[in-house]
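Residue numbers begin at 1 in each chain, while the letters A, B, ... track the order of the sequences. Quick note: numbers below take in every heavy atom, side chains included, and nothing from hydrogens, waters or symmetry partners.
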Amino acid sequence: MTEKIENNKEKPERSANFIHQIIDEDLKNNKNDGRIHTRFPPEPNGYLHIGHAKSICLNFGTAKKYNGLCNLRFDDTNPSKEEEEYVKSITEDIRWLGFDWEDRLYFASDYFDKMYEYAVQLIKKGKAYVCDLSAEEVREHRGTPLIAGENSPYRERSIKENLELFECMRRGEFPDGARTLRAKIDMASSNLNMRDPVMYRILHESHHRTGDKWCIYPMYDWAHGLEDSIEGITHSICTLEFEDHRPLYDWFLDELGAYHSQQIEFARLNLTYTIMSKRKLLELVEKGYVNGWDDPRMPTISGLRRRGYTSESIRNFADRIGVAKRESIVDVALLEFYLREDLNKRSPRVMGVLRPLKVVINNYPEDKEEYLTAINNPEDPSAGTRKIPFSKVLYIEKTDFMENPPKKFYRLTPGREVRLRYAYFITCTDAVKDKRTGEIIELHCTYDPATKGGDAPDRRKVKSTLHWVSAKHAIEAEVRLYDRLFKVENPAGDKDIGDYKKFLNPISLEILPRCFLEPSLISAKHGDRFQFERMGYFCVDPDSNNQRMVFNRTITLRDTWERIQKKQAKNNR
RNA sequence: UCGGGGAUCGUCCAACGGCAGGACUACGGCCUUUGGAGCCGUCUAUCCAGGUUCGAAUCCUGGUCCCCGAGCCA
């Protein structure tokens, strides 16, 4: 009984998405003998982003849910845009996300021979022909949505001639663009994709896997269904823009009498304050708006990873946003919620002062040092405790002191007593200012020795607890603060403005060169994640080295004080 | 204009003829040695107009709005 309740708690019953409903139905009808086989088919022409993560979670997740299989297949049918670098990053990213294709790593280019044979078969059936029209002429013959197209003058070539010409195409006897192989369907179809679509184009270009073996390359529509068919994919899940292509997908497979997978389309992910277009992301990288594909501001998987995201949080997010056909733009706050949820559970707590303000404890002995006990993770008792050094001169956060505080400011002000976390109650006696600028450069305080550890024997309370670092013991480090890449929710959506780059947030990166961290951080390694108490979650950047530690702020903690300030500012307006 | 899709809280997803529900956000409160976390609560939605039905987000009819489609890209 108890067990049952716990199970329910862990796996709250959520209704199946529309794709899983289709699969449930297929299973009921014993379609494909109950086999479920999906695939994730990236084109190796860019880095994966959070939108791909949705698709990866869907495809691999579906296979897992139904005890089926999911292949990783590179759709490398266009050698002019594709590179080996991308297949490396893509495989890394998928693995990091936590998915495994076992021995089922495939490339569309592995099937070029089979595809060629299939094309010959279609020609022999009188359903494909070699066309001599130029690209421009093909466009002119295609017509428009309102006007039917015209047949190509080469449409009625004999099967024999088509076979010979296609063979000559393959052998490289024609220059790029001179001829194409086209399916013979219907130039008057209301679906433009059915107006004798091109199956093969001539491209004298070296392919990253097949080298110079081929100079004709298959088009997506022709290739994709065959890839699915060859691999025995049962459910071929893709995005909405391929809906119009489904009749063609079906036509090829039906004409060939080949195994026929079912194409199902869903709406791709959009996220607020970022862009998902590969082309635009490439532009940001190439024109130096960001520092590479893995810049922590990028929505790429590698960027998120470097930023400190956990794969668990991305998977939870993908699971939560669901799958539907309605186009949408998901609030990035939802992603951030799952990030914080996961980070809160797993991150060791440490203290780090980002914007240091020197504090001298007047009544603390000059040379005394003591080690105080701090809890490593209140969410995880097994994480234990550690010792942190305390001494006469400390740093606290600049924003934790105000000489003339507004209402509801609970932190340090002249005359007020607060707690230093795990240490003592201190009271501010004096603020030293720079004579010229008036900036507060140093605080003088007294401490109450009876409050060691942070509790007062007389039960008196303080309104706030501050984090701090002993000046003598602190590690100096660089911390990089990231904010959203764009200033507006939907930078790609505003067609009046035109260029999405106008919406770039000019302060999406702030570098703090002189932060002070507690000494335990000295052993932190690349990728290690921490919560800097009261400040947020941080991770060690790969730029970090023995000379200089570099941390990225993954995300702030939820900040109630910030909200109060915003409200106050609003009310004063 | 033709073809293909889609319209449910601010956002995302459910409800498949029978009390419109969940998550996030926002806003209150409790608690707190992180203004963190946790806990409790509140607000807010069926594109419009007709019809069928005891009963419609769901079925029918007619509108409106949005997205995709005329690459030898995927």
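For A/F551 and A/F532, the distance between ring centers is under 6.0 angstrom. For A/F538 and A/F530, the distance between ring centers is not under 6.0 angstrom. A centroid separation of 6.0 Å or more is found between the aromatic rings of A/F74 and A/Y106. Proximity of the aromatic rings of A/F390 and A/Y424 is defined here by a centroid distance below 6.0 angstrom, and this criterion is met. Under the 6.0 Å cut-off for aromatic ring centres, A/F242 and A/Y249 do not qualify, their centroids lying 6.0 Å or more apart.
Annotation: proximity of residues 176-190 of chain A to RNA chain B (heavy atom, distance under 4.0 Å) is found for A/G177, A/T180, A/S190, numbered in ascending order.
In this structure, A/Y220 forms no aromatic stack with the base of B/rA74, since the conditions of centre separation below 5.5 Å and plane angle below 30° are not both met.
Regarding contacts with the backbone of B/rG36, a side-chain N or O of A/T560 is found under 4.0 angstrom from either OP1 or OP2. Listed pair A/T77 / B/rA74 meets the phosphate criterion, a side-chain N or O lying under 4.0 Å from OP1 or OP2.
Counting non-hydrogen atoms under 4.0 angstrom, A/F409 reaches a base of the nucleic acid. Within 4.0 Å of A/E562, counting heavy atoms only, lies no atom of the nucleic acid at all. Using a 4.0 Å heavy-atom cutoff across all strands shown, A/H224 reaches no nucleic acid atom at all. Residue contacts for A/I329: at a heavy-atom cut-off of 4.0 Å it reaches the sugar-phosphate backbone alone, with no base atom in range. In this structure, A/L133 reaches the bases: a heavy-atom distance under 4.0 Å links it to at least one base atom across the strands shown. In this structure, A/R419 reaches the bases: a heavy-atom distance under 4.0 Å links it to at least one base atom across the strands shown. Residue-level contact check: A/K567 touches the backbone only, with heavy atoms under 4.0 Å from sugar-phosphate atoms and none from bases. Heavy atoms of A/R326 sit under 4.0 angstrom from at least one base atom. At the heavy-atom level, A/Y217 lies nowhere under 4.0 Å from the strands shown. Nucleic acid contact for A/R411: base, since at least one base atom lies under 4.0 Å from a heavy atom of the residue.
Here the separation of B/rC9 from B/rA15, taken at their C1' atoms, is 15 Å to the nearest Å. With C1' as the reference atom, B/rA57 and B/rA20 are 8 Å apart, rounded to whole Å. Rounded to whole Å, the P atom of B/rG41 lies 25 Å from the corresponding atom of B/rG35.
Among pairs with a residue in residues 142-154 of chain A, none fulfils side chain to side chain donor-acceptor pair (under 3.5 Å), at least two apart in sequence or across chains. Screening residues 197-210 of chain A for salt bridge (charged side-chain N to carboxylate O under 4.0 Å, His left out), with sequence neighbours left out, gives A/D110-A/R209.
The ring-ring contact (aromatic ring centres under 6.0 Å, His included) test applied to A/Y309 returns no partner, not counting sequence neighbours. Evaluation of the side-chain hydrogen bond (donor to acceptor under 3.5 Å, both in side chains) rule for A/S328 yields no partner, not counting sequence neighbours. A search for side-chain hydrogen bond (donor to acceptor under 3.5 Å, both in side chains) contacts involving A/E137 returns A/S134, not counting sequence neighbours. A/R411 is linked by a side-chain hydrogen bond (donor to acceptor under 3.5 Å, both in side chains) to A/D400, counting only residues two or more places apart in sequence or in another chain. With sequence neighbours excluded, no residue forms a ring-ring contact (aromatic ring centres under 6.0 Å, His included) with A/H467. Looking at residues two or more places apart in sequence or on another chain, you find no side-chain hydrogen bond (donor to acceptor under 3.5 Å, both in side chains) involving A/D559.
One interatomic measurement links the two molecules: CD of A/E336 to P of B/rC12, which rounds to 16 Å at whole-angstrom precision. The NZ atom of A/K81 sits 12 Å away from the C1' atom of B/rC72 (whole-angstrom rounding). For A/R484 and B/rU25, the CZ to P distance is 12 Å, given to the nearest whole Å. For the pair A/M276 CE and B/rC67 P, the computed distance is 19 Å after rounding to whole Å. Residue A/M535 contributes atom CE, which lies 11 Å from atom P of B/rG35 at whole-angstrom precision. What separates CZ of A/R534 from P of B/rU34 is a distance of 10 Å, to the nearest Å. Rounded to an integer number of Å, the gap from A/R346 CZ to B/rA37 C1' is 17 Å. The CG atom of A/N191 sits 13 Å away from the P atom of B/rG69 (whole-angstrom rounding).
From A/C539, atom SG reaches atom CZ of A/R553 across 12.0 Å, with rounding to the nearest 0.5 Å. One distance of note links CD1 of A/I396 with CE of A/M351; it measures 12.0 Å at 0.5 Å rounding.
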Which atom pairs link the protein and nucleotides 40-47 of chain B when you take only N or O atoms and keep those under 3.5 Å?
none

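Residues A/S134 and A/A324 each lie close to RNA chain B; by heavy-atom proximity, the contact nearer the 5' end of the strand is made by A/A324. Comparing A/A267 and A/E379 against RNA chain B, the residue whose closest nucleotide sits nearer the 5' end is A/A267.
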What one-letter contact string describes nucleotides 15-24 of chain B from 5' to 3', where B marks a base within less than 4.0 Å of any protein heavy atom, S marks contact via sugar-phosphate atoms alone, and - marks no contact?
SB-----BSS
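With pairs defined as Watson-Crick or G-U wobble and both atom distances under 3.5 Å, the stems of at least three pairs that touch RNA chain B come out as B:2-7 with B:64-69, B:10-13 with B:21-24, B:26-30 with B:38-42, B:47-51 with B:59-63.
For the residue pair A/W251 and A/K184, the shortest heavy atom distance occurs at CZ2-O, 3.7 Å.
Nucleotide B/rG55 is shown with an anti base, its glycosidic torsion being more than 90° from 0.
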